[in-house]
Protein chains: 2
Amino acid sequence: MLAVILSGGSGSRLWPVSREAMPKPFMKVGGDRSLLQRTALRAKAVGAGSCLVVTNAEYVFKTMEEFAALDSAARIDCQMLLEPVGRNTAPAIAAACVLLMDQGKADEPALVMPADHLIQDELRFAEVVAHAGRLASAGRIVLFGIRPTMPETGFGYIECAAIPVGLEEQTVSRFVEKPSLDRATEYVAAGSYLWNSGIFCFTARTMLDALQRHEPEVLDAARAAVQRGSVPALEPRRLQLDLSAFKQAPNISIDYAVMERESNVVVLAGDFGWSDIGSWKAVAEEFERDAGGNTTSGDVLLADCENVHAQSDDRLIAAVGLKDVVIVDTPDAVLVCDRNESQKVKDVVNELKRRGHDTQKLHRTVARPWG
Amino acid sequence: MLAVILSGGSGSRLWPVSREAMPKPFMKVGGDRSLLQRTALRAKAVGAGSCLVVTNAEYVFKTMEEFAALDSAARIDCQMLLEPVGRNTAPAIAAACVLLMDQGKADEPALVMPADHLIQDELRFAEVVAHAGRLASAGRIVLFGIRPTMPETGFGYIECAAIPVGLEEQTVSRFVEKPSLDRATEYVAAGSYLWNSGIFCFTARTMLDALQRHEPEVLDAARAAVQRGSVPALEPRRLQLDLSAFKQAPNISIDYAVMERESNVVVLAGDFGWSDIGSWKAVAEEFERDAGGNTTSGDVLLADCENVHAQSDDRLIAAVGLKDVVIVDTPDAVLVCDRNESQKVKDVVNELKRRGHDTQKLHRTVARPWG
């Protein structure tokens, strides 16, 4: 088994912590290790001997630090494939598969994981992935479908002939990308839809063959970007994709490029406690609760609070008489949000951008006295 | 008319803004001027030719700055009486009256005002104070009673034979200091109680005579503290009370020392929009509201909020989906509080002290990056 970790985008749903300067994979969520580190450990736990991290060139040093910070027993051999520009998941996966093919790993099953998800039941995950590996070796493209718990509009949905149970695989009837709330509500009620987790398993050969048939432009650009890519003299494990070649790749997702068009796709039940940590509410769920259902990190004092999540970076948060509120304090901004409206944080970030706020850089403010 | 401004204590009800390093009189509340400056302007508006500020020696320069910052038209002649140690209102008022007596102002009515209150209707205030001045000149001690709007437990209550209407004065049946909630609820229902505003009018002669009869120890200590006090060579308008003498004064309030025991006391209706700004809820009421009833100052973005007060010193506050919440951001602490529980902030500060937090000094934190 090989692991391909997609360590991408800044995302605005976890603002003010997640920004371009501090994207979500580097966040710690209810633990000492970042989401990226935990993804690397998960790769090792499912038996991957090495991992290939696909990330933006801008994050190369931060990513190396994250891997270096793992203690030796936990460390996993790591290659990096650096994107000079973001082009969505299809070109990223295509480039990774080209590289694996070049390295003689065309027929090993590759587990593709976003770097910013969490899995609660690692043992179950290993079982399901092992089965996925067998299917991938037999030429299948395997998806992991998650039974929806709410009409989430941020995910892709997979309609199945029947919802897979245990380790059985099911074929896919249809894909739906990010539906409206009404549609999502229908899908949840129907009982025949799963969320697309964005975790996949296939061999490089299978994927490159599928790309050749469905999106040859993506494949051509990825192949050229790898071939013309540069490897730093002292860093043989790091390949920087060629900008002019990679830029030619259409900006499309792997779902759109391949999954929706390919008959060779099967779905397994992702019954391993998956979360994409897509909101502060989801972050809060990863922390240990007190008797009032509150979760905190950093210097926090709660009085008469219920179901409050408060996390402080540096300063004191004091909260009084609140219910269902998320408080996130950073050096230059504080977010106070109804826990059940935390998906609106994205809109706030858009509004801040519109107003000309610099929402992305991390300001190291020197606090001013009053006056 | 003379004005005596009592510019005291740090108070913890408006933490994290109000602290020892930044007591409430220096706070700006919904305007450009501090509460102390507004009190000085009010003294001038009621016809006081000069004012005597009684304050802790620690705040001498900050106080001078506040007066100097008033533009020349608004400026009022100001003397300062500096307490080396806080001894509650009776010794402070006693010392002020001794000084006024020494300066030949024994028979001028003195308007005594805490420096951290607000008055909405300044014109009505001037009318009521003018009437109080006449009563004070005739030897009365005048209180200003406020019709209670809620069972506030932080105030003293005045029971009257009848609630005064217009400019009529009423005698006092009884004083009650800070009652229990049950008692306060009874008083509000009874309709014969007023809040004691802590604003008074009397002549120095009347007050010193009353102190001589009821609390001679207070008077003796105050007299000795003034007589042995020191005046800086270049600052003839500033008298520092003698520590060893002033320390001898019992720590008691003017209500307890004089008002409750003196038959010479009358109460006027303080129907001039008084607020002691005793909680963040009260602060919020001084700001201009938007359509959703929200009030803000500083860099604030509200989304789907109702009745929220958010004030930022330096950083961005983003609030989403909140109702009836107060958010106060300072360089080293952020308070998020249910608007109707803002009186509990005091308990939070006590709890922080118990935990060994330095709640009083203002930290000029240099923000740390993540990692």
Side-chain angles (χ1 to χ4, degrees), chain A residues 15-17 21-22 26-28 62 65 299 301-305 308 310 312-345 347-349 351-352 355 357 359 362-371, chain B residues 15-17 21-22 26-28 65 280 299 301-305 308 310 312-345 347-349 351-352 355 357 359 362-371:
Chain A
W15 181 89
V17 171
M22 168 70 184
F26 300 117
M27 278 179 66
K28 289 168 183 150
K62 184 93 181 105
E65 275 170 28
D299 196 4
L301 175 70
L302 303 181
D304 300 324
C305 286
V308 165
S312 162
D313 182 58
D314 195 39
R315 294 167 318 140
L316 171 66
I317 298 173
V320 182
L322 304 179
K323 194 177 168 188
D324 293 324
V325 171
V326 166
I327 307 169
V328 180
D329 188 43
T330 69
D332 64 348
V334 57
L335 170 73
V336 187
C337 181
D338 183 280
R339 190 184 185 101
N340 298 311
E341 307 219 28
S342 61
Q343 76 288 356
K344 287 193 184 153
V345 169
D347 305 333
V348 166
V349 174
E351 175 62 17
L352 288 171
R355 293 190 187 179
H357 256 281
T359 55
L362 172 60
H363 298 279
R364 302 189 180 177
T365 314
V366 177
R368 288 194 314 239
W370 287 284
Chain B
W15 181 89
V17 171
M22 170 69 184
F26 300 117
M27 276 179 66
K28 290 169 183 149
E65 274 170 28
W280 284 112
D299 195 6
L301 175 70
L302 303 181
D304 300 324
C305 286
V308 164
S312 161
D313 181 59
D314 195 39
R315 295 168 318 143
L316 170 67
I317 297 173
V320 182
L322 304 180
K323 195 177 167 187
D324 293 324
V325 171
V326 166
I327 306 169
V328 180
D329 189 43
T330 70
D332 63 348
V334 57
L335 171 72
V336 187
C337 181
D338 183 281
R339 190 185 186 100
N340 297 311
E341 307 220 28
S342 62
Q343 76 287 357
K344 287 194 184 152
V345 169
D347 306 334
V348 166
V349 174
E351 173 63 16
L352 289 171
R355 294 189 186 180
H357 255 280
T359 54
L362 171 60
H363 298 280
R364 300 190 181 176
T365 314
V366 178
R368 289 192 314 239
W370 288 283

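Each chain gets a letter, A, B and so on, in the order the sequences are listed, and its residues count up from 1.
- Residue A:D324: no heavy atom, backbone or side chain, is found under 4.5 Å from chain B.
- If you measure heavy-atom distances from B:L335 to chain A, the contacts under 4.5 Å come from both the backbone and the side chain.
- Separation of atoms CG (B:L316) and CG (B:D299) is listed at 4.5 Å; rounding is to 0.5 Å.
- Here the CZ atom belonging to A:R315 is positioned 3.5 Å from the CG atom belonging to A:D329, to the nearest 0.5 angstrom.
- For the side chain to side chain contact (heavy atoms under 4.5 Å, CB included) with A:P16, the qualifying choice from A:V328, A:V349, A:L352, A:D332 is A:V328, the only one to do so.
- For the set A:D347, A:V345, A:I317, the entry with the most heavy-atom pairs within less than 4.5 Å of chain B is A:I317.
- To the nearest 0.5 angstrom, A:C337 atom SG is 10.5 Å from A:I327 atom CD1.
- From A:D338, atom CG reaches atom CG of B:D304 across 9.5 Å, with rounding to the nearest 0.5 Å.
- Heavy atoms of A:V325 lying under 4.5 Å from chain B belong exclusively to its side chain.
- In this structure, chain B has a heavy atom under 4.5 Å from the side chain of A:R355, while its backbone stays farther away.
- Between chain B and the options A:A319, A:A333, A:A310, the largest number of non-hydrogen pairs under 4.5 Å is found for A:A333.
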